[in-house]
Amino acid sequence: MDGMMDASREFFRQPQEVKQKHSNMVDGKHFRLEGYGNDRVSSEDQVLDWCDRLYLKVEPEDERNLALWPAHPERFRDVLHNFTAQCTSVKDRLLPAMAKLLELEDDYFNNQFGDKPDTYIRFNYYPPCPRPDLVFGLKPHSDGTFISVLMVDNNVRGLQVLRDGVWYDVPARPHTLLINLGDQMEIMSNGIFKSPVHRAVTSAEEERLSAVMFYSVDPERDIVPAARLIDEKQPALYRKVKVKDYIAGLFQYFSQGRRVIDTVKI
Ligand SMILES: O=C(O)CCC(=O)C(=O)O
Ligand SMILES: [Fe+2]
């Protein structure tokens, strides 16, 4: 974990022109998901966040776009390869335990991923911000994923989670991975597991880094609440939705401060 944090810190601290070699703007004009830069800006009145990002597809392995993976520091690619394998192993061990809690077959959740699930990592770099009262590091949102594995800066706080209308600080504990359940999990568990709304706040004094591994179901698959969790007393709370369609709406809703999951609730 330290290796991944240090390598990404080194990447973000490089001069802008070095980072721009991995830019997410093709020809300086067209946004693409992968690469270094900012979130997509799709309208003039969009509220922007105080955050640089590096977004990379890590799985399936043969779909990695290595040209966008930082070449400096030199160890970055190896470290990310190993970090991905470790996070995936955490996810693979956690999901059977979660299925058991719902009295589903152990491999129920692992089997939902399908043949070609996409996994992306998002590195967030929040520089010190002169006016933390005016801007978020990342606006309130829930992750559109199945499950997200987060690594946050060892000592700098910033992540907050919303519960019953109150924002709570998530403590920054060294060498601790945080697991965040995403919207796909909320749908498949028929709302028993919730996908929490969270945000990152900025700090005037300290920079902060985080890295989030986004595990998502194969985009071609449909997701539905698990049949065993539905009966007359507890009907399905979410409609069937194709993962590709769900994900397509995520950014637009995020930028408007809305949630896609509200559109599939019955
Ligand atoms: O920086 C953080 O702690 C949270 C990042 C996050 O929520 C995200 O990238 O989806
Ligand atoms: Fe998030």
Side-chain angles (χ1 to χ4, degrees), residues 1 57-64 80-122 141-151 161-163 170 175-198 211-250 253 259-266:
M1 289 173 67
K57 190 182 228 183
V58 292
E59 291 171 346
E61 227 176 288
D62 60 357
E63 290 181 18
R64 290 178 180 176
L80 178 52
H81 176 76
N82 292 332
F83 183 69
T84 303
Q86 302 284 337
C87 288
T88 298
S89 148
V90 169
K91 178 259 303 173
D92 287 340
R93 282 178 288 155
L94 185 68
L95 287 177
M98 295 189 60
K100 222 182 214 141
L101 281 175
L102 302 185
E103 295 174 8
L104 299 168
E105 301 95 73
D106 284 7
D107 52 4
Y108 184 84
F109 287 132
N110 295 66
N111 286 344
Q112 298 302 310
F113 276 102
D115 294 335
K116 268 188 158 249
D118 285 336
T119 308
Y120 287 89
I121 190 162
R122 174 179 173 132
H141 66 281
S142 62
D143 292 349
T145 53
F146 196 159
I147 186 165
S148 314
V149 179
L150 269 87
M151 180 172 65
V161 64
L162 185 64
R163 187 168 183 188
V170 176
H175 305 128
T176 306
L177 289 175
L178 297 167
I179 306 296
N180 192 25
L181 305 181
D183 296 351
Q184 296 169 28
M185 176 63 96
E186 180 167 330
I187 294 169
M188 285 187 251
S189 70
N190 202 29
I192 297 176
F193 293 135
K194 294 279 189 292
S195 164
V197 173
H198 54 285
V212 192
M213 200 63 88
F214 290 128
Y215 291 98
S216 185
V217 167
D218 182 335
E220 297 301 331
R221 276 180 74 116
D222 293 332
I223 52 171
V224 283
R228 289 194 48 187
L229 301 176
I230 294 168
D231 56 26
E232 271 168 25
K233 272 203 242 130
Q234 186 52 68
L237 299 176
Y238 306 85
R239 281 190 288 111
K240 176 165 92 177
V241 62
K242 198 184 195 95
V243 172
K244 191 160 70 179
D245 299 338
Y246 193 87
I247 288 175
L250 277 178
Y253 276 76
R259 297 181 69 194
V260 187
I261 198 158
D262 293 333
T263 66
V264 298
K265 285 183 180 157
I266 294 175

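From a predicted model like this one, the values you see are computed outputs, not experimental measurements. Starting from 1, each residue takes its place in the sequence as its number.
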Check: Met1 and Gln86 side chains under 4.5 Å, non-hydrogen atoms: no
Minimum side-chain heavy-atom gap Val224-Tyr238 below 4.5 Å: no
Residues Glu59, Thr84; criterion side-chain hydrogen bond (donor to acceptor under 3.5 Å, both in side chains); working and verdict: CA-CA 8 Å; Glu59 291 171 346; Thr84 303; over 6 Å; no
Straight-line distance of Asp218 CG to Asp115 CG, nearest 0.5 Å: 6.5 Å
Note, Arg259 side chain near Val197 side chain (heavy atom, < 4.5 Å): yes
Pair Met185-Leu95, side chain to side chain contact (heavy atoms under 4.5 Å, CB included): steps then yes or no: CA-CA 10 Å; Met185 176 63 96; Leu95 287 177; 3.7 Å; yes
Any Met98 side-chain heavy atom under 4.5 Å of Ile192 side chain: no
Point-to-point distance, once rounded to the nearest 0.5 Å, from CG of Asn110 to CG of Leu94: 9.5 Å
From NE2 (His141) to CG (Leu162), nearest 0.5 Å: 12.0 Å
Test: Lys91 cationic atom under 6.0 Å from Phe146 six-membered ring centre, within 45° of axis: no
4.5 Å side-chain heavy-atom contact, Val243 and Ser216: yes
Check: Glu220 side chain, Lys244 main-chain N or O, donor-acceptor pair, under 3.5 Å: no
His198 to Pro196 - nearest heavy-atom pair and separation: ND1-O, 3.1 Å
Whether Phe109 and Phe193 hold their rings parallel, tilted or perpendicular, with breakpoints at 30° and 60°: tilted
side-chain hydrogen bond (donor to acceptor under 3.5 Å, both in side chains) partner of Tyr215, chosen from Thr119, Thr145, Thr88: Thr88
Point-to-point distance, once rounded to the nearest 0.5 Å, from CG of Asp231 to CG of Asn190: 9.5 Å
Gln184 versus Val217, closest heavy-atom pair with distance: OE1-N, 3.0 Å
Spatial distance of atom CG (Leu177) from atom CE (Met151) [nearest 0.5 Å]: 7.5 Å
Sub-4.5 Å side-chain heavy-atom contact between Lys100 and Asp106: yes
Lys265, NZ: over 12 other non-hydrogen atoms inside 6.0 angstrom: yes
Passing candidate, side-chain contact (heavy atoms from CB on, under 4.5 Å) with Tyr246, options Asp183, Ile223, Asp222: Asp183
Atom NZ of Lys242: over 12 foreign heavy atoms under 6.0 Å: yes
Considering all heavy atoms, the nearest Ser195-Ser142 contact: OG-CB, 3.3 Å
Spacing of Ile179 atom CD1 and Cys87 atom SG [to the nearest 0.5 Å]: 8.0 Å
CG (Asp262) with more than 12 external heavy atoms under 6.0 Å: yes
Donor-acceptor pair, side chain of Arg228 and main chain of Glu103, under 3.5 angstrom: yes
Side chain to side chain, Leu102 and Tyr108, heavy atoms closer than 4.5 Å: no
Distance-minimising heavy-atom pair for Arg221 and Gln112: NE-O, 3.2 Å
Over all atoms of both residues, closest heavy-atom pair of His81 and Arg64: ND1-NH1, 3.0 Å
Contact summary for Val212 and Ser148, nearest pair of heavy atoms: CG1-CB, 3.9 Å
Pro235 side chain near Ile266 side chain, heavy-atom distance below 4.5 Å: no
